[in-house]
Amino acid sequence: MLKRTHTCGEPRATHAGNTVTLCGWVNTYRDQGKGLVFLDLRDRDGLCQVVCDLEDAPPHVVAAARSLRREDCIAVKGLLRKRAGDPNLKLATGEVELLAAEIEVFNKAIDLPILPDDHDAPKINEEIRLKYRYLDLRRPSMQKILRERHRVLQYTRQYFSSQRFTEIETPLLIKSTPEGARDFLVPSRLHPGDWYALPQSPQLFKQILMVAGCERYFQICRCLRDEDPRADRQAEFSQIDLELSFVDRSDVMDVMSGFVQGLWKEMLGVDVPTIIRMTWIDAMNRFGSDKPDTRFGLELHDISALAGKCGFKVFDEALAKSRLGKSGCVKAIVVPASMGQLTRKMTDSYAEFVKTFKAGGVAVTKISATGTFETGIAKFVEPIAAEFKAALNAQPGDTILMVADHWEIAVKAAGELRLKVADDLKAVPAGMWNFLWVIDFPMFDFDEEGNRWVAMHHPFTSPNPDQFDLLESDPGACVSAGYDMVLNGSEIAGGSIRIHRTDVQEKVFKLIGLTQEDADRKFGFLLSALRHGAPPHGGMAFGLDRLVMHLCGTNNIRDVIAFPKTQSGGDLMIDAPGPVDDEQLKELHVRRAVAQKAPA
RNA sequence: GGGGUGGUAGCUCAAUUGGUUAGAGUACCGGCUUGUCACGCCGGUGGUUGCGGGUUCGAUUCCCGUCCGCCUCGCCA
């Protein structure tokens, strides 16, 4: 077997005159007839041209070269020389070529379903790419992503190690605690009738590691949530998970800011400035989102006070609504003329768009060149024109979009509309890295159906130090010590200071409707641990896949995972999930409720 | 669970109002080609139009069901 002396991306003019051996895949072949054949040989490092010349190569080598086809796996040995023809400036190796003296075919590629070609691959159905993932991953752009991901992992381990974190593994087979996301379950053979759950996160284990005196823990771990995927979400995903003892939220946020700043410098050479903090209520009121995209304007204005004066029935009805101490409101977005013009078709479509988020519709009006209101609800606004324009700082030519409803619905719908408008007008600038901390989340949200409070983050999140009294007096107003890191409108990390006192933890369990017995059964080990000298602690988890998505500039999470799953949770390459034998089920003490599917 | 969208040659796509033998590029096969580089030229193989049913003289096209991919709402403590 021929052994490589260089990789395909390596050869340069300085190697000319050496005998070299390259291994790789035939990227393209160009048969010039009568014994002149060019090949581009590809490995993970790049491309190098191989030439077979009748005058220099024995006939059997030319014949071998001629028989090669795309994606055959071969080795070529010969003289590396300066090109006889013109150099190819598109290739790093474009000044040289390998004159084949010997060709070893490791394996032919038969009936390729797809070519691993960056020219064509973006057009190929993802279904096919996933089925033949080994071919899709051969593409240079996919190879690059895999290696970028590796660099992120390397930097992560280096950074946290340098900050005196210890990497500690936590179990994959744990028990189900059906708060939050749906668990993946695994039947226990040794405990008939009992089930393990796969972890949604190592949350409780890392807290217990703090009780255990580890002080600084991190782990790059797989987490599993049996919920429907999205473009940026998979049921099986990776987190950079960490926890620290003897810290307040600023300590955690500082360490984490340092991490992303170092990572962006390492990966992209970008200096990320000090990451600003925004309270949750500000984020919601100004951007209609708990993960604001601050790369562009179009901020939300609250015009509730004015809206009540214009006699528009929809506004009056919205303002009369109230929930959790917040009255209904009217949120406005001013689309400046300088940002581009919204067509009638666009504004019409916005009514349907906001209905997705339970809002009734969008009220529209526009300021004409002469400063009068026109179209839409102009006649309602005209009587308060001066006040209205002043409140919004609106100029002639601007379009104003308004959403009225319950506060939650109005801000959410207006926030989504803001993103939609920015997208429609192509107003999101490229090349910006807007990091942001969102802090001061509410501890709880009220679930009308269940008639109980639910933890907004998770039930182990501590209230802010000055908020403990509110736990009892006014849970809805209680603000937590949680924090999310947001990048360009995408949540890339979340965490909190945890509750480290048993009495507080029990209070929170009670508030979210857990009885003492429930709490003991599900989380007794945590309550017990807290009782035995738990230090104050807090932590965070980064979505690794999302970090890599940002760093690689893709908005498809499947592009940054070597073997991802589809929207229905399937792996198209190995054809999972699949049926199992009755025998296996019997061993696991599981009986079928659904008939076995016929084999495909 | 809901909404949207797509499925035609190995791959990417086309096919008029429901109408002849379902076409093109690429890949593959054969021939030609000694400086190409996404080589070029000539010829060829290749189709259960996702699957099942229905309407019709006739269905890629219309209807019903179903499977699969993608986007999305719910969901994601």
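Residue numbers start from 1 in every chain, and the chains themselves are labelled A, B, ... in the order their sequence lines are given, proteins ahead of strands.
- In this structure, A/K34 reaches the B/U33 phosphate: one of its side-chain N or O atoms is under 4.0 Å from OP1 or OP2.
- With hydrogens and angles disregarded, a donor-acceptor distance shorter than 3.5 Å links the side chain of A/R418 to the backbone of A/D293.
- B/G54 sits 26 Å from B/G47 when the P atoms are compared, rounded to a whole Å.
- Both A/A455 and A/D53 lie near RNA chain B, and the one whose nearest nucleotide falls closer to the 5' end is A/D53.
- Separation of the P atoms belonging to B/G44 and B/A24 is 10 Å when rounded to the nearest angstrom.
- For A/F205 and A/Y217, the gap between ring centers reaches or exceeds 6.0 Å.
- At a cut-off of 3.5 angstrom, counting only N and O atoms as typed in the model, there is no donor on one side facing an acceptor on the other between the side-chain of A/R30 and the base of B/U33.
- Counting atom types as modelled, A/R182 pairs no side-chain N or O with a base atom of B/G74 as donor and acceptor under 3.5 Å.
- No donor-acceptor contact under 3.5 Å links the side chain of A/R558 to the base of B/C70.
- When each of B/C37, B/C76, B/C11 is scored by its nearest atom to the side-chain atoms of A/I128, the top-ranked nucleotide is B/C11.
- Nearest to the side-chain atoms of A/Q32 among the listed nucleotides B/C39, B/C11, B/C37 stands B/C39.
- With hydrogens and angles ignored, no donor-acceptor pair closer than 3.5 Å exists between the side chain of A/R230 and the base of B/C70.
- Across B/G74 and B/C62, the matching P atoms stand 33 Å from one another, rounded to whole Å.
- When the P atom is compared between B/C13 and B/U20, the two are found 25 Å apart, to the nearest whole Å.
- One N or O donor and one acceptor, one from the side chain of A/E97 and one from the base of B/G35, sit under 3.5 Å apart.
- By the 4.5 Å heavy-atom criterion applied to side chains, A/L514 and A/K522 are counted as neighbours.
- Nucleotides B/U61 and B/U16 place their C1' atoms 11 Å apart, quoted to the nearest Å.
- With A/D183 contributing its side chain and A/S176 its backbone, the two residues share no donor-acceptor pair below 3.5 Å.
- Proximity note for A/I124 (side chain, C-beta onward) versus B/G35, B/G69, B/C11: the nearest is B/C11.
- Both A/L112 and A/G35 lie close to RNA chain B; mapped to their nearest nucleotides by heavy-atom distance, the more 5′-ward contact belongs to A/L112.
- A donor N or O paired with an acceptor N or O is found under 3.5 Å between the base of B/C76 and the side-chain atoms of A/R233.
- In this structure, of B/C76, B/C73, B/U33, it is B/C76 that holds the atom nearest to the side chain of A/R225.
- B/C39 and B/U33 have their C1' atoms separated by 10 Å, given to the nearest Å.
- For A/Y29 and A/F38, the ring centers are positioned 6.0 Å apart or more.
- When distances run from any side-chain atom of A/R69 to the nucleotides B/A38, B/G30, B/U34, the shortest one goes to B/G30.
- If you check distances only, the side chain of A/D86 never reaches the base of B/G35 with a donor-acceptor pair under 3.5 Å.
- Counting only heavy atoms from C-beta on, A/K412 has its side chain closest to B/G74 among B/U33, B/G74, B/G69.
- Straight-line distance between the P atoms of B/A27 and B/C42: roughly 14 Å, to the nearest whole Å.
- In this structure, the nucleotide among B/C75, B/A27, B/C37 sitting nearest to the side chain of A/E227 is B/C75.
- Taking atom P on both B/U60 and B/G52, the two are 13 Å apart, rounded to the nearest angstrom.
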